[in-house]
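First comes the structure, then the notes that go with it.
All chains are named by letter (A, B, ...) in the order of the sequence lines, taking the proteins before the strands, and each is independently numbered beginning at 1.
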Protein chains: 2
Amino acid sequence: MHQKILIIEDNNDIQSLLFDVLSKNYLIYKALDGISGINQFNEVKPNLIILDLMLPQINGESVLKIIRNQSNVPIIVLTAIQNKTTTVDLLRDGANDYLTKPFDIDELQARIEVQLRKETNSEDNHIIIYKNISLNSQTHQTIANNHELNLSKKEFNLLEILLSHPKQIYEKEQLFQIIWHEEYFDSSDNTLNVHISNLRRKLFAATAHNYIVSIWGIGIRFD
Amino acid sequence: MHQKILIIEDNNDIQSLLFDVLSKNYLIYKALDGISGINQFNEVKPNLIILDLMLPQINGESVLKIIRNQSNVPIIVLTAIQNKTTTVDLLRDGANDYLTKPFDIDELQARIEVQLRKETNSEDNHIIIYKNISLNSQTHQTIANNHELNLSKKEFNLLEILLSHPKQIYEKEQLFQIIWHEEYFDSSDNTLNVHISNLRRKLFAATAHNYIVSIWGIGIRFD
DNA sequence: AATGATTAATTAAGGTTTAATTATGTAACG
DNA sequence: CGTTACATAATTAAACCTTAATTAATCATT
């Protein structure tokens, strides 16, 4: 649920294309070169990486090796057709899959699904439990401290996202993207704050704790 | 009972034809291309898939491989006669059966039966018991809290569906499809609500409980 | 340390959407 | 002919989301 994808790609057009399409289903992080790609990888801990081989400064192959050296995160590589690096090399270096440009965006999506499925298939992904809070996305039942909560759709969504990665900071923009499926430009929009407030109130009524903490100027986090 | 079939087919005429015929006996889900087919497969977890080989963007063979990679769900493939992919290829890729267009709709139904038979052989259960409610789908007898209920056909249908998977949320659309065998577009249609209301009243008269809870904006669930 | 600016949190009001109930009409059936 | 089931329509009720207004907290600058 709400998995994170890091896109390492220097071409702005492809970046935006990928963002537009994939942000509907995933939480997208972007890097324009290899160095910041590696840095972001360490910060964000994405569930999947899309890596362009043709990068300024450090080439994609090196990025691939560096990341693979630290993690088994699925990596899908984008190559130009005339690139000398062979498929075999790529896979040996740790790529999970590859596509040659120009690629079909739907095919990319399908391949992403395949890579991510491996991760999520095993666990019964519709129940989240954290501390004394459990949340069932099939029945929409939410229990906190043995009290059943009565959450609205937005509130449930919000809690689901926060609990999927406890302690991780979510920016308001991200939350907006995930819950409302649209970007938010108007930072004066207070809607999200209201929902956070309501969720806090209901959680507090059940647990006498405030689990949702604000990181001033950045976002919120479930503690 | 009420098994789910996912139809992945881009041709609208064939889609509707299949829907009209099959929705009498099964719960139908539709996808117009491979990507949404794969997505729906993961969400819906159908009991059987009907897959057209000729799809826009991603071809059917890829969809077949991707799905088969994750599940043993029976897949029946529809091919055009001039299609190059051989029977052998299809079966090797994991198809359970195939039909060449134009196909006979009755033959398709027969083949569906065959595929589903394997699954459902064991469960020949026509009595559902949950909490203090029991329901016999052969005699239509319904007993709640030792009181025999006098339910109409629609009410019985509804209760049967809800009780077949307690706690699971059913969307109004689903319920409509199962009970009325037709899609419902007009969300202002209030018929279902009336039946829910009546069922609630009768259940309450017998048990003094309201088991059917609404999930606002989503559907209902038997608790 | 004080001040103003920015961001966050709360509260309340309004309007919209969805749900539930009640009432009325219609067709099927014994 | 009267009963029943169902659909349709009208009404009432409830839940929800957004907006706006207000208060509180935090930051940046001096």
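When the nearest nucleotides of DNA chain D are assigned to K202(B) and L151(A) by heavy-atom distance, the more 5′-ward of the two goes with K202(B).
Atoms NE2 (H140(A)) and P (dC16(D)) sit 12 Å apart, rounded to a whole Å. Distance I196(B) CD1 to dA19(C) P: 9 Å, rounded to the nearest Å. Counting to the nearest Å, the P atom of dT18(C) and the CG atom of L175(B) are 17 Å from each other. L158(B) places its CG atom 15 Å from the P atom of dA5(D), with the value rounded to the nearest Å. In this structure, the CZ atom of R200(A) is 13 Å from the P atom of dA25(D), given to the nearest Å. N150(A) has its CG atom 12 Å from the C1' atom of dA14(D), to the nearest Å. What separates CD of E171(B) from P of dT18(C) is a distance of 13 Å, to the nearest Å. Atoms CG (L199(B)) and P (dC6(D)) sit 12 Å apart, rounded to a whole Å.
The phosphate of dT18(C) (OP1 or OP2) has no side-chain N or O of K172(B) nearer than 4.0 angstrom.
Looking at residues two or more places apart in sequence or on another chain, you find no side-chain hydrogen bond (donor to acceptor under 3.5 Å, both in side chains) involving S197(B). Annotation: side-chain contact (heavy atoms from CB on, under 4.5 Å) contacts of I178(A) (sequence neighbours excluded): H2(A), L27(A), I161(A). Contacts of K30(B) classified as side-chain hydrogen bond (donor to acceptor under 3.5 Å, both in side chains), with partners at least two apart in sequence or in another chain: E183(B). Qualifying side-chain contact (heavy atoms from CB on, under 4.5 Å) partners for D33(A), counting only residues two or more places apart in sequence or in other chains: I35(A), S36(A), P56(A), Q57(A). Every side-chain hydrogen bond (donor to acceptor under 3.5 Å, both in side chains) that Q174(B) has, sequence neighbours left out, goes to Y29(B). Listed by chain and residue number, K202(A) satisfy the side-chain hydrogen bond (donor to acceptor under 3.5 Å, both in side chains) test with E155(A) (two or more places apart in sequence, or in another chain).
The aromatic rings of H195(A) and W180(A) are tilted relative to each other, their planes meeting at an angle between 30° and 60°.
A heavy atom lying under 4.0 Å from DNA chain D marks the following residues of residues 203-223 of chain A, by number: W216(A).
Crowding of N150(B) atom CG: a count of heavy atoms from other residues, nucleotides or ligands under 6.0 Å not exceeding 12.
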Polar-atom pairs under 3.5 Å, protein N or O versus N or O of nucleotides 17-24 of chain D: list them with distances, or write none.
{"from": "dC17(D)", "atom 1": "OP1", "to": "K154(A)", "atom 2": "N", "distance (Å)": "3.4"}
{"from": "dC17(D)", "atom 1": "OP2", "to": "S152(A)", "atom 2": "OG", "distance (Å)": "2.8"}
{"from": "dT18(D)", "atom 1": "OP1", "to": "W180(A)", "atom 2": "NE1", "distance (Å)": "2.8"}
{"from": "dT18(D)", "atom 1": "OP2", "to": "H195(A)", "atom 2": "NE2", "distance (Å)": "3.1"}
{"from": "dA20(D)", "atom 1": "N6", "to": "N190(A)", "atom 2": "ND2", "distance (Å)": "3.3"}
{"from": "dA21(D)", "atom 1": "N6", "to": "N190(A)", "atom 2": "ND2", "distance (Å)": "3.3"}

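Sequence neighbours left out, not one pair with a member in residues 13-23 of chain B passes side-chain hydrogen bond (donor to acceptor under 3.5 Å, both in side chains). Within the structure, ring-ring contact (aromatic ring centres under 6.0 Å, His included) pairs that include any residue of residues 149-174 of chain B comprise H140(B)-F156(B) (at least two apart or interchain). Among pairs with a residue in residues 162-181 of chain A, those fulfilling salt bridge (charged side-chain N to carboxylate O under 4.0 Å, His left out) read K167(A)-D223(A), at least two apart in sequence or across chains.
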Per-residue pairing states of DNA chain D in dot-bracket (Watson-Crick or G-U under 3.5 Å; . unpaired, | other strand) read ||||||||||||||||||||||||||||||

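At a threshold of 4.0 angstrom between heavy atoms, the contacts of R201(B) with the nucleic acid are absent.
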